[in-house]
2 protein chains.
Amino acid sequence: MAEVIDRRALRTRKALHSALMSLILRKGYEATTIQDIIDEADVGRSTFYGHYTGKEDLLRNGFQILRRELTDAQRAARTGTDGAQDEPLGFSRAMFEHAAGYADVYLAMVGGRGGVVAIGELRKVLSEFVRKELPAARDDGAVSRELVVQFVVGTLLTVLTWWLERRPGLTPAQADAMFRRLALNGAGASIRTRSRVG
Amino acid sequence: MAEVIDRRALRTRKALHSALMSLILRKGYEATTIQDIIDEADVGRSTFYGHYTGKEDLLRNGFQILRRELTDAQRAARTGTDGAQDEPLGFSRAMFEHAAGYADVYLAMVGGRGGVVAIGELRKVLSEFVRKELPAARDDGAVSRELVVQFVVGTLLTVLTWWLERRPGLTPAQADAMFRRLALNGAGASIRTRSRVG
DNA sequence: ACCATACCGAACATGGTGTTCATCATTATA
DNA sequence: TATAATGATGAACACCATGTTCGGTATGGT
C-alpha cells in the first residue's frame, strides 16, 4: 500500500520522525507543536500536511516501523539460539535487546513523555506479542486470560521504564531476568519478610 | 494554607471539578478545552483563571482531595476490622472499596482518558501508600526495592483498569483478590500449563 | 534533457489562550 | 438591615498554533 519511492519523500519523513523524537525527549509529546516539528526538521508547513494529517498521525506511523522491527528481531532470535524459544514468556529477551539498541526511542515513548498515544500504541504492540506467547493458557476461574495479558504487558512496561530511566547501566539480560521473575513469581518473595510460605 | 471560606468560591470550584470529570469521560482530557469546561460549568472565563492557572492545575487539585479521602478510608479500615491490617499489601482492599464508590471518577482517570497528568498523579498517590506498606522489605540483590514498588503500583493500576472497564460487575473483594494473587505470586500458575514447578 | 512530483513559503480564516477591567451580585458582619 | 468586601461576569484584547490553498522552485526518475 502506497509504496514510497522518491528519495525526497523518504528524506522528509525521516527528518520528521527524528525531529519528533528529539522534541519528545526535550519537552514531551503534548507540549510539542507542529510548528516545533517542522522547524526542527526544516520542512515546509504544507509539506508536513502532505505526508501526515497531524502529529498523532506521525507518531502512530512510527509504531508501524517499530512493530516491523520487533517482529524481525523476534524471528531472528527464535531461529538463532534455539532451545530457549519455548520457555514461558520467551519473547521478552529479544525485546529488551531491541530496546537497548534504540534506547532513545524507547525512552521517548515510555514514562509519560510520549503522551497517552505513545503508551497506548506501545501497549497494543506488546499485547500482540504477549497474546501470541500465551496461546494455550488455561482460563482458570481465578484470573481471566485477558487480565493475565494486561498484567504481563504492564509488568513489561514497568521494568522497561525503570531500567531505562533509573538503571541504564544494567544489561538487557539482567533487565529481562527481573521481568521474568516478577511476571512469573510476583513480588511475594521480596515482600514477605517475617511470614513463611504457607 | 489558603483557607477557602466563601460559599461562592466553593460552588465555583465544585462546578469546575465536576465539569472536568464529565468532559474527561465524554471526550478525554487532552481534547477537553478550557472553553468546554467553563461552558459546562457555566462559569465566566476570568472566574476560572481566578481559581486555577489552567486545566492541569484544576486536575492536579482534584488529586489532593482524592489523596485525603483515600487516607481517611485507609485509617477507617485499619481501625475497623483489625486483624487483616498487617497482611502484606493490606492497604489494597480499602482502595478497591473506595474506587467502587467513586467509579466514575476513577474511570475518568484510568486507561488514558485522563491523559498523562492523571495517570502520573494517580501513580504518585498510590506509590506513597505502597511505600508505606513495604517499610522493611529487604532489598535482595535480585530486585531493587523501588522496582518492587513500581511493580506493585503497576499491577494495582492494571487490575483497577481491567475491573472498571471490562468487569464492572465484580465486587471490590473479588478485584482485590486478583490483585493480591498477581502481585504476590505472579502469573506463573496461569501460564505454565505443561511444565512442572521445578 | 524532460517531465513528473515533491518541496517551499506566504497568506488566510479559525479557534483556543491568558489577561485586563469596569460592572454587577452575593456574602459576612456590625 | 445597611455596608464594605469579595467573588463573578462578560466583553475586549493580543498572541499563537492549526489546517488549508496556491503559484513558483528544486530535485528526482527515466
Side-chain angles (χ1 to χ4, degrees), chain A residues 1-62 64-65 113-118, chain B residues 1-62 64-65 113-118:
Chain A
M1 45 184 85
E3 298 274 336
V4 182
I5 14 164
D6 202 310
R7 288 181 209 165
R8 292 171 293 181
L10 281 180
R11 257 188 65 84
T12 301
R13 297 196 170 207
K14 280 195 177 178
L16 288 174
H17 273 117
S18 108
L20 179 59
M21 286 305 141
S22 305
L23 286 163
I24 288 180
L25 283 172
R26 201 179 312 154
K27 51 193 288 192
Y29 173 76
E30 318 286 5
T32 295
T33 143
I34 294 187
Q35 198 63 48
D36 294 334
I37 301 176
I38 62 185
D39 285 350
E40 175 88 13
D42 232 314
V43 153
R45 183 167 203 70
S46 49
T47 304
F48 177 93
Y49 285 105
H51 287 277
Y52 306 101
T53 69
K55 64 170 177 167
E56 187 167 326
D57 189 30
L58 172 59
L59 182 59
R60 288 209 142 87
N61 194 281
Q64 299 184 10
I65 306 172
R113 268 173 296 273
V116 210
V117 186
Chain B
M1 48 186 86
E3 298 271 337
V4 182
I5 14 161
D6 203 310
R7 290 181 205 162
R8 292 170 293 180
L10 281 180
R11 256 190 67 82
T12 301
R13 294 194 173 210
K14 279 196 179 179
L16 287 173
H17 273 117
S18 110
L20 179 59
M21 286 305 142
S22 305
L23 286 163
I24 288 179
L25 283 171
R26 202 179 311 151
K27 51 192 292 193
Y29 173 76
E30 317 287 4
T32 296
T33 139
I34 293 187
Q35 198 64 50
D36 294 334
I37 301 176
I38 64 183
D39 285 352
E40 176 88 12
D42 230 316
V43 152
R45 184 169 201 69
S46 49
T47 305
F48 177 92
Y49 285 105
H51 286 277
Y52 305 102
T53 69
K55 63 171 177 167
E56 187 167 326
D57 189 31
L58 172 59
L59 182 60
R60 288 209 141 89
N61 193 281
Q64 299 185 10
I65 304 173
R113 266 173 298 273
V116 210
V117 186

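Labels below follow one simple rule: chain letters A, B, ... track the order of the sequence lines, proteins then strands, and each chain is numbered from 1. As the structure is a prediction and not an experimental result, all values here were calculated from the model.
- Distance, D39(B) CG to dT9(D) C1': 14 Å, rounded to whole Å.
- The residue T33(B) sits close only to the backbone: its heavy atoms come under 4.0 Å of sugar-phosphate atoms, none of a base.
- The phosphate of dG9(C) has neither OP1 nor OP2 within less than 4.0 Å of any side-chain N or O from S46(A).
- Below the 3.5 angstrom threshold, one finds no donor paired with an acceptor across the side chain of R7(A) and the base of dG29(D).
- When heavy atoms are screened at a 4.0 angstrom cut-off, D42(B) is found touching the sugar-phosphate backbone but no base atom.
- L58(B) contributes atom CG, which lies 7.5 Å from atom CE of M21(B) (distance to the nearest 0.5 angstrom).
- In this structure, OH of Y52(B) is placed 13 Å from P of dG7(D), rounded to the nearest angstrom.
- Annotation for K27(B): atom NZ counts as buried by contact number, over 12 foreign heavy atoms lying within 6.0 Å.
- With hydrogens and angles ignored, the 3.5 Å screen pairs no side-chain donor or acceptor of K55(A) with any backbone N or O of L20(A).
- Taking atom CD1 on I38(B) and atom P on dT17(C), their separation rounds to 8 Å, with Å as the unit.
- Computed from coordinates, the R45(B) CZ to dG18(C) P distance equals 8 Å when rounded to whole Å.
- Under 3.5 Å, the side chain of T53(B) and the base of dG18(C) form no donor-acceptor pair of N or O atoms.
- Rounding to whole angstrom units, NZ of residue K55(B) and C1' of dT17(C) are separated by 12 Å.
- Comparing T12(A) and Q35(B) by the nucleotide of DNA chain C that holds the closest heavy atom to each, the one mapping nearer the 5' end is T12(A).
- At the phosphate of dA8(D), OP1 or OP2 sits under 4.0 Å from a side-chain N or O atom of H51(B).
- Taking CG from D39(B) and CG from L23(B), the interatomic distance works out to 9.0 Å, rounded to the nearest 0.5 Å.
- Side chain of D36(B) to backbone of T33(B): a donor-acceptor contact under 3.5 angstrom is found.
- When rounded to the nearest whole Å, the span between CG of D6(B) and P of dT26(C) equals 12 Å.
- One atom, OH of Y49(B), and another, P of dG10(D), lie 16 Å apart when rounded to the nearest Å.
- Contacts of R8(B) with the nucleic acid, taken as non-hydrogen atoms under 4.0 Å apart, include base atoms.
- Remark: P of dT18(D) and CD of E56(A) are 13 Å apart, rounded to the nearest angstrom.
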